[in-house]
Amino acid sequence: MIDLKLLRASPAQVRAALARRGDQSLTRLLDEIEALDMKRRTLTAQLDTLKAERNDAAKTDAQTAKAKGKLPDDVIVARRKLGERITSLESELRQIETTLDAKALFVPNSPLSDVPDEVTVLRSWGTPAPKGGKPHWEIAERLGILDLPRGAKLAGSGFPVLVGAGARLARGLINFMLDLHTREHGYIEVEPPFMVRRDVITGTGQLPKFEDDLYRTMPDDLFLVPTAEVPVTNLHREEILDGTTLPKGYAAYTPCFRREAGAAGKDTRGLLRVHQFDKVELVRFCLAADSPAEHEKLTGHAETVLQKLELPYRVAVLPANDFGFAAAKTYDLEAWAPGVGQWLEVSSSSTYTDYQARRANIRARPRPGEKPEFVHTLNASGVALPRTIAALLETHQQSDGSVTVPPALVPYVGTDRIA
RNA sequence: GGAGAGGUGACGGAGCGGUUGAACGUGCCGGUCUCGAAAACCGGAAUACGCGCAAGCGUAUCGUGGGUUCGAAUCCCACCCUCUCCGCCA
């Protein structure tokens, strides 16, 4: 949520930061918001004065009523008039606030100043295999571990069915990642609801602007989570946390459901873009001053997964015009997939500064007795399964068609080779 | 799904429609006392918005939203949530 006080105090800076997102319509939206905010403050001031008048009157009236048994008619008439004026201004104010809130929810987060204008690869790990070999869907089909036609029969395209060692591999990956993050990186494991209310998913920023990308259930108006970020970040909505317990991190496995509206035709083969997939997500909460360092640490936790899976990858910082609505800075982790010859985004690691915290009203008292302030929230995939499986199959495929399992994963999959 | 009970501050728990932001208790913070601590005593402490350089002032908030009234935590309506019992069920 945009900070209206900041917009009021430094309109030029706010506009300049948002302009970097490259969305022309934002200028007009901000104009409207500023005008509404102005009106709102004028009306509030008027109303406060009238209400102060009413409160004073109520006190003297109480004594009058006690002394005389009842209030004089002319006093009642005067008070009623005052009350009517207040009621009418209140409804005017309510309408302005409703409009203002609705518009403010469409303003994205401001990119941090160190975000570049062009996508920039910061570092890479491992030696990417030369492009070649089979794409993952051919490998998987031959091994009988992935059944896309039957998934389509059940739910449509983009709903893969993993079979046998494929299902085992997915389950193993989930357990491996959760164990890694909870045992070695200090995360608390949570299993949240996979469906959430409208206001919850508004808190993390997917609503109201991106309703078309979500699956919605009837008749209860619950939304299937597109990422565990949604339920886990909202775990502390409407709370004031004890700042001395921060930073804190949660790791959660959930399936993720995405309609991918408008993405038809892109990455349609195999596992590259699907409507349902598994993911282990990392979510962190911290005080404002700590968030840059927390972001680096978080990204490192996601990288560890790829290193243990022996998957060459690179880390890129996304430009201001190419990351999520609620984010202030995003790193993408891309694993190399030689079969399709692409770097596959398997994790996105973002800091949201106080943007989600404002929307979901998540605060912390830095020390006992101090004023609460909005926390900073961050999250990263740690990591998403389908593309990781694709990279894994393509990277570790052997000439005989089998696929070796990296040592760290062997205990979880129960074999060192899928054949 | 049926029947009932209830939602007040960090927590527990009061609150005849009229100076109630809200008694009391616990917890918390500061102080006195103590070699320290405990106990006791004294004092302090909610959140948001607006105005103000500031001290401060004003307004709102007793689940949420409406309504009645000169005046609502207190009365009425709707909704949300929690709990108990019954039914159904992995």
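All values derive from a computational prediction rather than experimental measurement. Lettering of chains follows the sequences in order, A, B, ..., and the numbering in each one begins at 1.
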### Message
Is the phosphate of U19(B) approached by Asn55(A) (side-chain N or O, under 4.0 Å from OP1 or OP2)?
### Response
no
### Query
Contact class for Lys81(A) (heavy atom, under 4.0 Å): base, sugar-phosphate, or nothing?
nothing
### Query
Are Asp48(A) and Lys51(A) close enough for a salt bridge, meaning some N to O gap below 4.0 Å?
no
### Atom P, compared across G12(B) and G2(B): separation rounded to whole Å
30 Å
### Message
Using the side-chain heavy atoms of Arg54(A), tell me which of these nucleotides is nearest: C49(B), G71(B), U59(B).
### Response
G71(B)
### Message
Distance check, C1' atoms only: A45(B) and A39(B), in whole angstrom units.
### Response
23 Å
### Summary
Contacts of Arg79(A) and Asp37(A) projected onto RNA chain B by closest heavy atom; the upstream (5') one is Asp37(A)
### Query
For Leu100(A) and G50(B), what is the distance between atoms CG and P respectively, to the nearest whole Å?
11 Å
## Note on the structure
Regarding the side chain of Arg197(A), the nearest nucleotide among U59(B), G50(B), C81(B) is C81(B)
### Query
To the nearest Å, how far apart are Glu84(A) CD and G71(B) C1'?
15 Å
### Query
Please give, in whole Å, the distance from U47(B) C1' to Arg358(A) CZ?
15 Å
### Task
Could you walk me through whether Gln307(A) and Tyr313(A) pass side chain to side chain donor-acceptor pair (under 3.5 Å), step by step?
CA-CA 8 Å; Gln307(A) 290 169 12; Tyr313(A) 67 89; 2.8 Å; yes
### Message
Reading RNA chain B from 5' onward, which residue's closest nucleotide shows up sooner: Thr44(A) or Gly83(A)?
### Response
Thr44(A)
### Task
Walk me through it: do Tyr331(A) and His295(A) pass the test side chain to side chain contact (heavy atoms under 4.5 Å, CB included)?
CA-CA 9 Å; Tyr331(A) 296 128; His295(A) 191 195; 3.5 Å; yes
#### Entry: Options C51(B), C49(B), U59(B), nucleotide nearest the side-chain atoms of Lys51(A)
U59(B)
### Task
Could you give the distance separating G44(B) and A22(B) at their P atoms, to the nearest angstrom?
13 Å
### Task
For Glu239(A) and A48(B), give me the distance from atom CD to atom C1', rounded to whole Å.
18 Å
### Query
Between C76(B) and U68(B), how far is it from one C1' atom to the other, in whole Å?
7 Å
### Message
Taking A23(B) as the reference, what is the distance to A14(B) when you measure between their P atoms (whole Å, please)?
### Response
14 Å
### Given C70(B), A60(B), C51(B), the nucleotide with the shortest approach to the side chain of Arg80(A)
C70(B)
### Message
Does this structure show an ion pair linking Glu260(A) with Arg273(A), if we count only N-O contacts that are shorter than 4.0 Å?
### Response
yes
### Summary
Arg8(A) has its side chain closest, among C51(B), C70(B), U59(B), to C51(B)
#### Entry: Residue Arg365(A), side-chain atoms from C-beta onward, closest of U47(B), G50(B), A60(B)
U47(B)
### Dot-bracket notation for RNA chain B, counting Watson-Crick and G-U pairs under 3.5 Å, with | for partners on another strand
((((((((.[[[..)..(.....]]].(((((.......))))).((((((....)))))).[[[[[..)....]]]]])))))))....
### Message
Rounded to whole Å, please give me the gap between CG in Leu82(A) and P in U69(B).
### Response
15 Å
### Check ion pair Glu394(A)-Arg387(A) (N to O, under 4.0 angstrom)
no
### Between U82(B) and C75(B) - C1' atom distance, rounded Å
24 Å
### Length of the CD-C1' vector between Gln46(A) and C49(B), whole Å
16 Å
### Message
Between Glu32(A) and Arg28(A), does any NZ, NE, NH1 or NH2 come within less than 4.0 Å of an OD or OE carboxylate oxygen?
### Response
yes
#### Entry: Nearest-Å distance for atom pair CZ/C1', residues Phe374(A) and A48(B)
10 Å
### Glu238(A) CD to C81(B) C1', straight-line distance once rounded to whole Å
14 Å
### Message
Between the side chains of Glu97(A) and Lys39(A), is the shortest nitrogen-to-carboxylate-oxygen separation below 4.0 Å, so that they form an ion pair?
### Response
no
#### Entry: Lys/Arg-Asp/Glu bridge criterion (N-O < 4.0 Å) met for Glu373(A), Arg365(A)
no
### Query
Which whole number of Å gives the distance between the P atom of G4(B) and that of G9(B)?
27 Å
#### Entry: Tyr352(A) and Asn109(A): side chain donor to acceptor below 3.5 Å
no
### Query
Nearest to the side chain of Arg363(A), which nucleotide is it out of U47(B), G50(B), A60(B)?
U47(B)
### Task
Could you measure between the two P atoms, the one in U8(B) and the one in U74(B), and give it in whole Å?
14 Å
